[in-house]
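Worksheet: one structure, shown below.
Atoms considered below: every heavy atom in the structure, side chains included; atoms not considered: hydrogens, waters and symmetry mates.
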Amino acid sequence: VMIVKELIAAAKSGGGFVEYVAPKFKGQIPSPKISYAESIPQWEWYVGTGLHIDAIDSVIIQKQKILMGNIKRMIFKGVAVLFLFLSVSLLLAWYLSKKIKKNIAIFSAFFEESATRALPIENENVSFAEFQSMAVSANKMSRARQKSEKALRESELRLSTHLQNTPVGAILWDLKFNVLEWNPAAETIFGYSREEAVGRHVTELILPLELKEMIENIFQDLLSGTGGERSTNENITKSGSRILCDWYNTTLENADGEMTGVASLVNDITERKRTQEMMIQSEKMMSVGGLAAGMAHEINNPLAGMIQN
């Protein structure tokens with residue numbers, strides 16, 4: 001009766017919930033229950049309904065189980081999709097890595113081989129447009145380098161041929177004036193073979209001891225850029241003979257402008273100098289002879305001299 005009164009009171013107040021304890025069925029243990037009541041004034045009715053709380057809990061638990069099942073299925077699907085995505089990503093990464101490694105191997109082989117021989121990169125062997133563009137540039141660079149190297153080899157061959165066949169002695173020195181190169185004309189002039197000359201210092205090879213200080217000063221002037229480009233001095237041959245040589249010297253520099261050595265051209269002018277001295281002596285003798293002949297003529301013909309006067 002009390003519960004009914006509370007429900008009627010809740011209904012009259014506009015509707016509301018009432019909690020109480022009642023058995024589900026007759027003879028059962030009472031359990032918490034909640035009911036809702038609302039009035040219908042036109043009919044003077046009171047309408048209400050109720051449900052045991054444990055039944056609500058049962059429904060909630062069931063709904064929770066369904067929700068958890070849905071959540072688990074969603075999580076499983078999400079994990080499956082993520083796993084699939086990661087698998088595809090790893091597979092794609094492995095594929096791209098394999099292609100990139102292949103491209104790098106091709107370029108590595110290209111740069112290793114291009115130092116000794118032409119090895120163009122074929123575009124069909126290279127993946128990705130960026131690497132193909134790099135291959136085109138690398139091939140252009142390789143062709144330009146090979147062209148430059150060919151021109152350099154031809155130039156060196158011409159120079160070497162000229163130095164080997166020129167009658168002028170050609171000698172290359174390092175900065176300490178040890179012999180680096182010694183051409184056939186230098187062998188002829190000084191008597192030392194290339195094998196005997198290379199590696200030896202100028203003072204122990206072709207230089208008289210009394211000229212050592214003078215030649216060292218010439219070399220220092222050459223290295224400092226204050227002179228030494230031209231000199232004429234005596235030298236010693238392998239046989240010990242003294243010859244007079246005319247020297248033309250110039251310093252050598254690398255691509256960075258650093259001085260690396262000295263190149264010298266040398267001529268043996270001993271015979272030419274001797275011939276010049278003989279000609280000068282001969283001219284002097286001829287002059288003296290002409291003067292003596294004139295004086296003799298005057299002595300032998302005094303009358304002619306008097307007549308002319």
Side-chain angles (χ1 to χ4, degrees), residues 79-166 168-187 193-195 197-200 219 222-225 228-229 248-265:
V79 171
V81 171
L82 181 61
F83 177 77
L84 181 61
F85 174 76
L86 290 176
S87 298
V88 172
S89 299
L90 289 174
L91 184 61
L92 181 60
W94 173 81
Y95 175 78
L96 294 176
S97 175
K98 185 177 179 182
K99 288 289 186 181
I100 292 173
K101 285 181 179 179
K102 180 183 176 183
N103 290 340
I104 293 174
I106 290 173
F107 277 92
S108 296
F110 166 79
F111 287 113
E112 289 176 1
E113 295 291 336
S114 62
T116 55
R117 63 187 180 94
L119 185 66
I121 300 175
E122 301 295 338
N123 271 0
E124 56 268 21
N125 296 332
V126 179
S127 305
F128 310 117
E130 293 80 3
F131 280 101
Q132 290 174 351
S133 177
M134 289 174 59
V136 172
S137 300
N139 287 336
K140 288 182 180 179
M141 180 186 67
S142 178
R143 287 192 294 269
R145 177 181 176 180
Q146 290 164 10
K147 185 177 180 180
S148 299
E149 289 177 347
K150 181 181 178 182
L152 179 60
R153 286 194 298 270
E154 291 175 351
S155 175
E156 289 176 345
L157 179 61
R158 288 193 297 268
L159 178 60
S160 176
T161 302
H162 175 70
L163 291 178
Q164 294 299 314
N165 294 282
T166 180
V168 178
I171 305 171
L172 297 183
W173 316 87
D174 62 18
L175 295 179
K176 295 182 179 180
F177 289 97
N178 298 307
V179 177
L180 297 176
E181 280 297 334
W182 186 268
N183 77 336
E187 293 180 343
S193 66
R194 182 181 181 278
E195 290 72 18
V198 170
R200 297 179 66 179
F219 283 164
L222 182 66
L223 296 179
S224 63
E229 293 85 2
Y248 300 85
N249 309 305
T250 184
T251 55
L252 301 175
E253 296 180 350
N254 59 18
D256 297 326
E258 299 171 343
M259 193 178 300
T260 59
V262 173
S264 297
L265 298 178

Set of residues satisfying side chain to side chain contact (heavy atoms under 4.5 Å, CB included) with respect to Thr260, sequence neighbours excluded
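Thr260 satisfies side chain to side chain contact (heavy atoms under 4.5 Å, CB included) with Leu252, Asn254 once adjacent residues are dropped.
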Donor-acceptor contact present, side-chain Asn183 to main-chain Val168, <3.5 Å:
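Here the side-chain-to-backbone pair exists.
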Donor-acceptor pair, side chain of Ser133 and main chain of Ala129, under 3.5 angstrom
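No.
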Which is it for Leu172 and Val262 under the side-chain contact (heavy atoms from CB on, under 4.5 Å) test, yes or no, and what are the steps along the way?
CA-CA 6 Å; Leu172 297 183; Val262 173; over 6 Å; no
Applying salt bridge (Lys or Arg N to Asp or Glu O under 4.0 Å), which residue pairs with at least one partner in residues 169-184 are found, sequence neighbours left out?
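Found Glu181-Arg194.
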Considering only residues two or more places apart or on different chains, which pairs with a residue in residues 150-161 satisfy salt bridge (Lys or Arg N to Asp or Glu O under 4.0 Å)?
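Output for this query is empty, none listed.
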Would you name the heavy atoms of [X] and [Y] that are closest together and state the gap between them?
X: Val126; Y: Gln132; value: O-NE2, 3.2 Å
X: Leu265; Y: Ala170; value: CD2-CB, 3.9 Å
X: Trp182; Y: Ala197; value: CD2-CB, 3.3 Å

What distance separates [X] [atom1] from [Y] [atom2], expressed to the nearest 0.5 Å?
X: Thr250; Y: Leu222; atom1: OG1; atom2: CG; answer: 7.0 Å
X: Tyr95; Y: Leu92; atom1: OH; atom2: CG; answer: 9.0 Å
X: Leu159; Y: Leu152; atom1: CG; atom2: CG; answer: 10.5 Å
X: Met134; Y: Ile106; atom1: CE; atom2: CD1; answer: 11.5 Å
X: Ile171; Y: Leu163; atom1: CD1; atom2: CG; answer: 11.5 Å

Under a 4.5 Å cut-off applied to non-hydrogen side-chain atoms, are [X] and [Y] in contact?
X: Asn178; Y: Arg200; value: no
X: Val198; Y: Leu180; value: no
X: Leu223; Y: Phe177; value: yes

Can you give each donor-acceptor pair under 3.5 Å made by side-chain atoms of residues 97-104, sequence neighbours left out, with the distance rounded to 0.1 Å?
{"from": "Asn103", "atom 1": "OD1", "to": "Ser127", "atom 2": "N", "distance (Å)": "3.1"}
{"from": "Asn103", "atom 1": "ND2", "to": "Lys99", "atom 2": "O", "distance (Å)": "3.4"}
{"from": "Asn103", "atom 1": "ND2", "to": "Ser127", "atom 2": "O", "distance (Å)": "3.0"}

For Ser264, side chain to side chain donor-acceptor pair (under 3.5 Å) partners two or more places apart:
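Side chain to side chain donor-acceptor pair (under 3.5 Å) check on Ser264 returns Trp173, Asn249.
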Test of understanding: with side chain to side chain donor-acceptor pair (under 3.5 Å), list the residues that count as partners of Ser148, not counting sequence neighbours.
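Not a single residue meets the side chain to side chain donor-acceptor pair (under 3.5 Å) criterion with Ser148.
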side-chain contact (heavy atoms from CB on, under 4.5 Å) evaluation trace for Glu229 with Tyr248
CA-CA 6 Å; Glu229 293 85 2; Tyr248 300 85; over 6 Å; no
